[in-house]
Amino acid sequence: MNTSRRNPHRSRLRTAAASAAAVALAATGLAALPSSASAAADGVVVQYRTSASGASADQSEPWLKVRNAGSASVPLSSVKVRYYFKADSASAAYRFACSWAVKGCANITGTFGTLANPTATADRYLEIGFTAGAGSLAPGADTGDMQLRFHQSSWASLVQSDDYSFGPDRTAYGDWSKVTAHVNGATVWGEAPGGNGPTDPTDPTDPPTDPPGDAPTLFDDFNYSSHTDPKIGANGWSVRSNSGGPGVPGATWAPENVTFASQSGNSVMNLETSTAGTGASTKHTEILTKSMKFKNGTYASRVKFSDAPRSGPDGDRIVQTFFTINDLKAPMADDYAEYDFEYLPNGGWGEPANILYTTSWETYRPDPWEAVNAHSEVRASYAGWHDLVVTIDDNQITYYVDGQHFGTHGAAYLPERPMSINFNQWLIDLEGQPSTTPRAYDQQVDYVLHVKDQVLTPSQVNAMVGAYRSAGTSFEDTVPGS
């Protein structure tokens with residue numbers, strides 16, 4: 001995926017809209033849902049068509065619409081849709097992609113599961129879900145086109161003719177009871193393959209709830225007295241003071257504006273960014289690990305974003321972040337890597353209002369500007385505390401916000417070299433708020449966690465952080481140097 005977007009170290013306008021991000025997922029089991037047939041008890045109907053009608057194909061293309069036939073609004077985040085199929089072999093792994101969707105591919109998730117009671121026409125399913133950014137369906141409304149597809153990871157041809165949910169003659173949208181819909185875990189539309197009813201046990205491939213305890217780990221509760229606390233450097237952090245981008249030309253990076261305080265029994269780091277409407281008066285903040293030694297595994301942090309300044313007039317195009325990055329050795333160097341959470345409370349890069357991005361970078365060229373990246377986004381307010389998790393394995397990069405899937409980016413964006421871990425807050429420019437009245441914005445950070453070479457679920461992250469705090473451990477770093 002090649003989309004133009006700003007250099008992370010210089011102010012740039014974002015010049016392309018989101019494009020469909022392939023979600024590369026191996027078959028993972030999900031909790032079994034009831035399978036009884038239903039006539040839209042909660043007002044949800046699934047319509048289906050296919051644009052790949054052959055008995056075999058390079059990829060299956062179940063195009064779907066979800067329609068609200070009821071009298072009350074239905075949040076799409078509560079809806080799951082399942083398409084059932086027969087795996088081409090016991091060891092087959094599949095990848096999901098969204099080619100195009102009215103609701104936006106970034107707001108659609110796809111995961112694969114294994115049926116507890118396989119039948120002659122189904123032993124797997126593709127489960128489609130929605131992020132909060134998909135919104136709700138009003139009575140009578142539908143999602144519009146969701147042009148979905150999946151294929152074997154090897155790109156070997158797959159057989160569709162023996163798939164339970166496949167309809168070779170369905171070349172136009174129509175109600176289709178062989179695809180099921182579930183609202184808050186209850187089956188409200190369709191009928192699953194026989195034997196997969198409401199008494200089925202949880203699929204045996206469900207992920208474990210206990211986090212592993214043997215991997216090299218960085219944990220920091222940010223329990224420091226000030227930016228001059230010698231423990232900051234001893235624990236591997238650098239509070240930035242050198243000049244340069246990203247952001248407003250002429251701005252400085254102010255280490256004194258990185259402060260620490262106790263909140264609800266936890267030490268919290270605060271990054272303050274301030275301006276009085278000129279480059280010289282603008283002070284950005286950043287803290288980063290001195291070592292680039294972090295690559296595959298799980299990265300997590302609890303971050304408080306803010307929509308409004310702590311004082312002074314609102315409207316600045318500010319960026320609040322948690323990210324990993326390494327250095328660009330040369331323009332378009334293929335060993336560059338960067339993985340971002342970036343919240344823009346007042347918009348920027350062509351966006352008019354609140355937006356949260358997750359972006360995976362392959363490379364870029366600063367001049368003339370060219371970028372290779374994949375991104376997901378939700379246009380909504382994220383003011384307040386949020387649990388941010390990104391996992392990197394040998395196949396994909398997956399982002400979560402508050403335990404919910406936010407975006408997945410494919411193997412083309414995997415890191416080739418280790419990276420640092422960073423938090424910063426900075427102003428894109430001064431055009432959003434030209435006032436010369438002083439104002440200051442806060443971004444707060446509760447903790448950071450990295451577990452090397454292990455993919456943890458958000459619940460496992462929470463368990464690990466809880467264990468550190470229960471043990472009274474405010475810092476640990478067993479990750480070996482790169």
Pair Asp335 + Arg417, salt bridge at N-O below 4.0 Å = yes
Check ion pair Asp367-Arg365 (N to O, under 4.0 angstrom) | no
Is there a side-chain hydrogen bond (donor to acceptor under 3.5 Å, both in side chains) between Thr391 and Tyr299 once you walk through the steps?
-> CA-CA 6 Å; Thr391 64; Tyr299 300 81; over 6 Å; no
Spacing of Thr289 atom OG1 and Ile325 atom CD1 [to the nearest 0.5 Å] = 11.0 Å
With His450, the ring-ring contact (aromatic ring centres under 6.0 Å, His included) member among Phe294, Tyr339, Phe322 | Phe294
Do NZ/NE/NH1/NH2 and the carboxylate oxygens of Arg149 and Glu61 come within less than 4.0 Å?
-> no
Using side chain to side chain donor-acceptor pair (under 3.5 Å) as the criterion, list what pairs up with Asp175, not counting sequence neighbours.
-> Gln47
Nearest heavy-atom contact between Leu115 and Pro193 is CD1-CG, 4.2 Å
Do Ile428 and Val319 have side-chain heavy atoms sitting under 4.5 Å apart?
-> yes
Do the ring planes of Trp155 and His151 sit parallel (below 30°), tilted (30 to 60°) or perpendicular (above 60°)?
-> parallel
Looking just at side-chain N and O atoms, do Glu362 and Asn373 make a donor-acceptor pair shorter than 3.5 Å?
-> no
Is it true that Lys304 and Asp446 have a side-chain N and a carboxylate O under 4.0 angstrom from each other?
-> no
Between atom CD1 of Ile392 and atom NZ of Lys295, what is the distance when rounded to the nearest 0.5 Å?
-> 10.0 Å
Run the numbers on Val303 and Gln443 for side-chain contact (heavy atoms from CB on, under 4.5 Å), then give the verdict.
-> CA-CA 7 Å; Val303 177; Gln443 173 188 338; 3.7 Å; yes
Going by heavy atoms in the side chains, are Ile128 and Lys80 under 4.5 Å from each other?
-> no
Carefully, step by step, assess Ser60 and Gln160 under the rule side-chain contact (heavy atoms from CB on, under 4.5 Å).
-> CA-CA 7 Å; Ser60 184; Gln160 299 190 100; 2.9 Å; yes
Within a strict 4.5 Å, meaning less than it, do heavy atoms of the Lys329 and Asp334 side chains meet?
-> no
Would you kindly say whether Asp162 and Thr121 are connected by a side-chain donor-acceptor distance under 3.5 Å?
-> no
Value rounded to 0.5 Å, distance of CD1 in Ile108 from CG in Leu148 | 6.0 Å
Compute the ring centroids of Tyr94 and Phe85, then answer whether they are less than 6.0 Å apart.
-> yes
Donor on one side chain, acceptor on other, Tyr343 and Ser306, under 3.5 Å | no
Should Phe150 and Arg124 count as side-chain neighbours, where that means a heavy-atom distance under 4.5 Å?
-> no
Selection residues 129-142 - residue pairs positive for side-chain hydrogen bond (donor to acceptor under 3.5 Å, both in side chains), sequence neighbours left out = Asn107-Thr131
Residues Ser459 and Thr457: side-chain donor-acceptor under 3.5 angstrom | yes
Any side-chain donor near an acceptor of the partner, Ser165 and Tyr125, under 3.5 Å = no
Measure the CG-CG distance between Asp393 and Asn296 for me, rounded to the nearest 0.5 Å.
-> 7.0 Å
Is the backbone of Gln147 close enough, under 3.5 Å, to the side chain of Asp145 for a donor and an acceptor to pair up by distance?
-> no
Using atom types as modelled and distance alone, determine if a side-chain donor or acceptor of Tyr382 lies under 3.5 Å from a backbone N or O of Val378.
-> no
Side chain of Asp220, backbone of Phe222: donor and acceptor closer than 3.5 Å?
-> yes
Whether Asn68 side chain and Ala72 backbone form a donor-acceptor pair below 3.5 Å = yes
Mark yes or no for whether Ser153, through its side chain, and Ala93, through its backbone, hold a donor-acceptor pair below 3.5 Å.
-> yes
Shortest non-hydrogen separation from Met464 to Val451 and the atoms involved = SD-CG2, 3.8 Å
Taking the side chain as C-beta and beyond, is there a heavy-atom pair between Val66 and Trp189 under 4.5 Å?
-> no
Whether Phe423 and Trp237 hold their rings parallel, tilted or perpendicular, with breakpoints at 30° and 60° = tilted
Near Asp394 CG, under 6.0 Å, is it more than 12 heavy atoms from other residues, nucleotides or ligands?
-> no
N/O donor-acceptor pair under 3.5 Å between Lys103 side chain and Thr143 backbone | no
Close side-chain approach of Leu449 to Ser301, heavy-atom, < 4.5 Å = no
Start with the C-alpha distance between Thr359 and His375, add both sets of side-chain angles, then the distance that settles side-chain hydrogen bond (donor to acceptor under 3.5 Å, both in side chains), and finish with yes or no.
-> CA-CA 4 Å; Thr359 308; His375 49 87; 5.6 Å; no
To the nearest 0.5 Å, what is the distance between NZ (Lys290) and CD1 (Ile421)?
-> 14.5 Å
With ring centroids as reference points, do Tyr48 and Tyr173 lie under 6.0 angstrom apart?
-> no
Going through the distances and angles, do Asn422 and Glu286 end up as a side-chain hydrogen bond (donor to acceptor under 3.5 Å, both in side chains)?
-> CA-CA 7 Å; Asn422 303 52; Glu286 180 169 19; 3.2 Å; yes
Side chains of Ser78 and His182: is there a donor and an acceptor less than 3.5 Å apart?
-> no
Sequence-distant partners of His386, side chain to side chain donor-acceptor pair (under 3.5 Å), two or more places apart = Asp402
Could you give me the CA-CA distance, side-chain angles and deciding distance for Val46 and Leu64, then say whether side-chain contact (heavy atoms from CB on, under 4.5 Å) is met?
-> CA-CA 7 Å; Val46 179; Leu64 302 173; 4.3 Å; yes
Backbone of Ala333 reached by a side-chain donor or acceptor of Thr363 within 3.5 Å = yes
Gln152 side chain to Ser157 main-chain N or O, any donor-acceptor pair under 3.5 Å?
-> yes
Hey, are Asp221 and Arg469 close enough for a salt bridge, meaning a charged N less than 4.0 Å from a carboxylate O?
-> yes
Does the ring center of Tyr400 lie less than 6.0 Å from the ring center of Phe406?
-> no
Arg379 and Glu351 ion-paired at < 4.0 Å | yes
With no hydrogens and no angle check, do the side chains of Asp163 and Tyr83 hold a donor and an acceptor under 3.5 Å apart?
-> no
Can the ring centroids of Phe219 and Tyr468 be said to lie less than 6.0 angstrom from one another?
-> yes
At what distance, to the nearest 0.5 angstrom, does CG of Leu414 lie from NE2 of His409?
-> 12.0 Å
Check whether any side-chain N or O of Ser154 sits under 3.5 Å from a backbone N or O of Ala156 as a donor-acceptor pair, and report yes or no.
-> yes
